[in-house]
Amino acid sequence: RNQPMRGGFGTGRSFGNRAALGNKFEERNNSGFQRDSTGDSQSRSRTLSRRGAGFQEGNCSERSGTQRRGTGGFRGGRGGFGQSHINENEQQEQQSGSIFISRRGGFGGPTGDNDNNKSRGFGRQGGYRGYNEEVIAGSGRSSWKSDGENEDGDYQGPKVTYVPPPPPDNEEAIFAHYQTGINFDKYDTILVEVSGLDPPPAILTFEEANLCQTLIKNIAKAGYSKLTPVQKYSIPIILAGRDLMACAQTGSGKTAAFLLPILDHMMKDGITASHFREQQEPECIIVAPTRELINQIFLEARKFAYGTCIRPVVIYGGTQTGHSIRQIMQGCNILCATPGRLMDIIGKEKIGLHKVRYLVLDEADRMLDMGFGPEMKKLISCPGMPSKDRRQTLMFSATFPEEIQRLAGEFLKPEYLFVAVGQVGGACSDVQQTILQVSQYSKREKLVEILQSIRDERTMVFVETKKKADFIATFLCQEKIATTSIHGDREQREREEALWDFRSGKCPVLVATSVAARGLDIENVQHVINFDLPSTIDEYVHRIGRTGRCGNIGKAISFFDSVSDSHIAQPLVKVLSDAWLEEIAFSTHGMGFSNPRGNIFASVDTRK
DNA sequence: AAAAAAT
C-alpha cells in the first residue's frame, strides 16, 4: 500500500472522458499520487469519490458508503481520471439496495490486494468466474463455465448492462482501411506449400476467382488490389468446397481469404434476405478466441457483404444477452461469435444449426486447445449441426502445433487440404526482433527508457498477468506516458475503449495480456515489447505478429530474464535464426530462392 | 501458472 505506484486508478483507463483529456492529463495523474498517501481504504475511497465528483459527477460522493467499498473505490478511482463510469442502470441498481459488484478487480489489480480482501473478492470478475478467488460472489461456482447452474438454475453474478455501440454504417467508415507498406510486394515471393489430395491450382488475381459483381465492387472499395499468398491458395480451395487448415500470419489477408469464397458461394446459392424471426438459421458460423478479434472479423464480413442481402451478426460476452438476441432475430446469415456466448444462444434456441454449411475456426489452434476444445466439440455435436461431411470446415492460424492438428481431425473431412504460408514477408522478416537481457528488477526502468526514446510511436507492451498489466499501465501513466490497458478482468466497455484509444492514437501505448496477442489488426503498431516473454514460442510468434503487418516494418523488443525465461531460449533462437537466414536468402537471391534450411514454415502437415 | 471464454 505504501508503494507510490500502487495508485491503481485508471490504469490506462484511457483517460476516461475523451473531450476532457488534453492538458488535464497531468493534473489527474498527480492526483493519483496523492491518493496513495491517504490512510485506510475508507478514507481513500472517499477521497477518490470526491475527486471523481470534482471532475465530473456531482453525486459521486454519495456512493462511497460501505456497501460500495469494493466498487466505490475503484469507480471513484476512475473518476480520478475524469470520469466516473457508473451508468444509469448501475445507479438504479444501487439505489434499490442491491450490492453492485464490479466486474473487474476492486481497484483492478494494482491495489486490489490491500487491506480489504473481501471487497476484492467481490470486486474481481474472478469472483464469480472463479479464476483464483476464494470469495465467490453470489454463487459457489468454481469455474466460469457452468458445470451446471446452481440449484435454482439462476445466475447470481453481476448484471451486464453493456451494449456495444453500433458499428459505423456510412459507406466511408465501413470501407475504411489502411495503406499497405513498402514490403507488400514481397508477398509475391513467399513460398507456399499445399498438401493433401488433388488441391485445386492457385489463382493469381482476384479476377480469376470469378466472384460475383457485388463482391468485386466491395473488394475494390476496400482497397484490395492484389491477392496475398493465403488468398491465392485458400480461395480456390474453399470455392472447390474442400476443407482447409491454413497456417498463415493474421493480417496477411486471412480473413478475406475465407470470407470472400464463402460469401460468393452464399450469393450464388441465392440466399434471400432473412426476415425477423425468433429463431434464425445461419449458413455460416465463425468463432474466434477473443471478443475483440471476433468483432474485427465481423467488421470485415460486413464490409464484404455490403450491398448484398447477407447479414453478418456478431455476438460475444460482456454485453447484454438481450442485445445479442435482438441482433440475431433481425436476420442472421453469418454468425460471428465467441464460444461462450455462442453456446448460450444455442441453448436458448435463438439459432438453429441445420443450415450451417460453413464453420470457420479462426486462431484454430487456440480454439482447439485445452481451454476451448471441449466447447468446440460440444458445438459440432449440437443437435442439428451438420456432420463434417455435410459442412465445410475451415481452420486458420499462424501456428499449428502437432497435437492440435491431431485434434482437428475430428472436425475436418479426412481429405482436407493443408496450406502453409512461408514466413518471408510474413511477420518474421518484416519484424526486426531484439532480445534484451534484463533482470526482473530493471525491466520497468528499461521500459520507460525505451518508451521515452520512441515517444508517440504506437507500442504494445505484453505482460504475463492481468494484475501486472494494470500495474505497469498505472506506472507508465505516472511516468507521463499516455497509456491504456486491455485484459480479461476489465469490463468489456473498458476493453473496447482501450482498443479504440489505442487505435485512434490517443494512447500510443497499450499494455496487454495475451488477450491481445492474437489476430488484432491495428494500423501502424511500430513496436511490440515483450515485457514478459510468453511461456510458449507460438505465443511469441502471435505477439510479434501485431506489428509489421500488411507489408509494413515493425520492431519487437523482448526482455529476457535468464531466471524465468530460460525455457524459451532454444525455440526463440530457432525463430530468430530462421528469420535472419531467410532475410539473407531473400536479399541475395531474391525471388525463387531455395530454402536454406529445409523448413521455413511455422508448422508442417503432420499427416505426411 | 496464466489467460481466455456466458450469465
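Within every chain, numbering begins at 1; the chains are lettered A, B, ... in the order of the sequence lines, protein sequences first and strands thereafter.
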Is the phosphate of [N] approached by [X] (side-chain N or O, under 4.0 Å from OP1 or OP2)?
X: A:Arg341; N: B:dA5; value: no
X: A:Thr513; N: B:dA4; value: yes
X: A:Arg518; N: B:dA4; value: no
X: A:Lys468; N: B:dA2; value: no
X: A:Arg495; N: B:dA5; value: yes
X: A:Ser535; N: B:dA1; value: no

Taking the six-membered ring of A:Phe475 as reference, does the cationic atom of A:Arg444 (NZ for Lys, CZ for Arg) lie under 6.0 Å from its centre and within 45° of its axis?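 Judged by the rule (NZ or CZ under 6.0 Å from the ring centre, within 45° of its axis), A:Arg444 counts as positioned above A:Phe475.
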Here's one to test your reading of the geometry: is the NZ or CZ of A:Lys388 within 45 degrees of the ring axis of A:Phe411 and under 6.0 Å from its centre?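 No - A:Lys388 does not lie over the ring of A:Phe411 by the 6.0 Å and 45° rule.
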When you measure from the side chain of A:Thr465, which nucleotide among B:dA4, B:dA5, B:dA2 comes out closest?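 Ranking B:dA4, B:dA5, B:dA2 by closest atom to the A:Thr465 side chain puts B:dA2 first.
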How close or far is atom [atom2] of [N] from atom [atom1] of [X], stated in whole angstroms?
X: A:Leu533; N: B:dA3; atom1: CG; atom2: C1'; result: 16 Å
X: A:Glu363; N: B:dA3; atom1: CD; atom2: P; result: 19 Å
X: A:Tyr316; N: B:dA5; atom1: OH; atom2: P; result: 11 Å
X: A:Met376; N: B:dA5; atom1: CE; atom2: C1'; result: 10 Å
X: A:Met367; N: B:dA4; atom1: CE; atom2: P; result: 14 Å
X: A:Met370; N: B:dA2; atom1: CE; atom2: P; result: 13 Å
X: A:Phe372; N: B:dA2; atom1: CZ; atom2: P; result: 17 Å
X: A:Glu539; N: B:dA1; atom1: CD; atom2: P; result: 18 Å

Under the 3.5 Å rule, do the base of B:dA4 and the side chain of A:Arg366 count as making a donor-acceptor pair?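 It does, because a donor-acceptor pair links the side chain of A:Arg366 to the base of B:dA4 below 3.5 Å.
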Out of the candidates A:Thr459, A:Leu476, A:Thr484, only one should pair with A:Val511 under the side chain to side chain contact (heavy atoms under 4.5 Å, CB included) rule; please name it.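 Of the listed options, the one satisfying the test is A:Leu476.
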Less than 3.5 Å apart, any donor N or O on the side chain of A:Ser397 or A:Arg366 sitting next to an acceptor on the other?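 Side-chain D/A pair, A:Ser397 to A:Arg366: absent.
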With sugar-phosphate meaning primed atoms plus P, OP1 and OP2, does A:Thr319 contact a base, only sugar-phosphate, or nothing at under 4.0 Å between heavy atoms?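 Sugar-phosphate, backbone atoms only, no base.
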Test log, rule side chain to side chain contact (heavy atoms under 4.5 Å, CB included), inputs A:Glu292 and A:Arg495: CA-CA 8 Å; A:Glu292 288 74 17; A:Arg495 288 169 58 160; 2.7 Å; yes
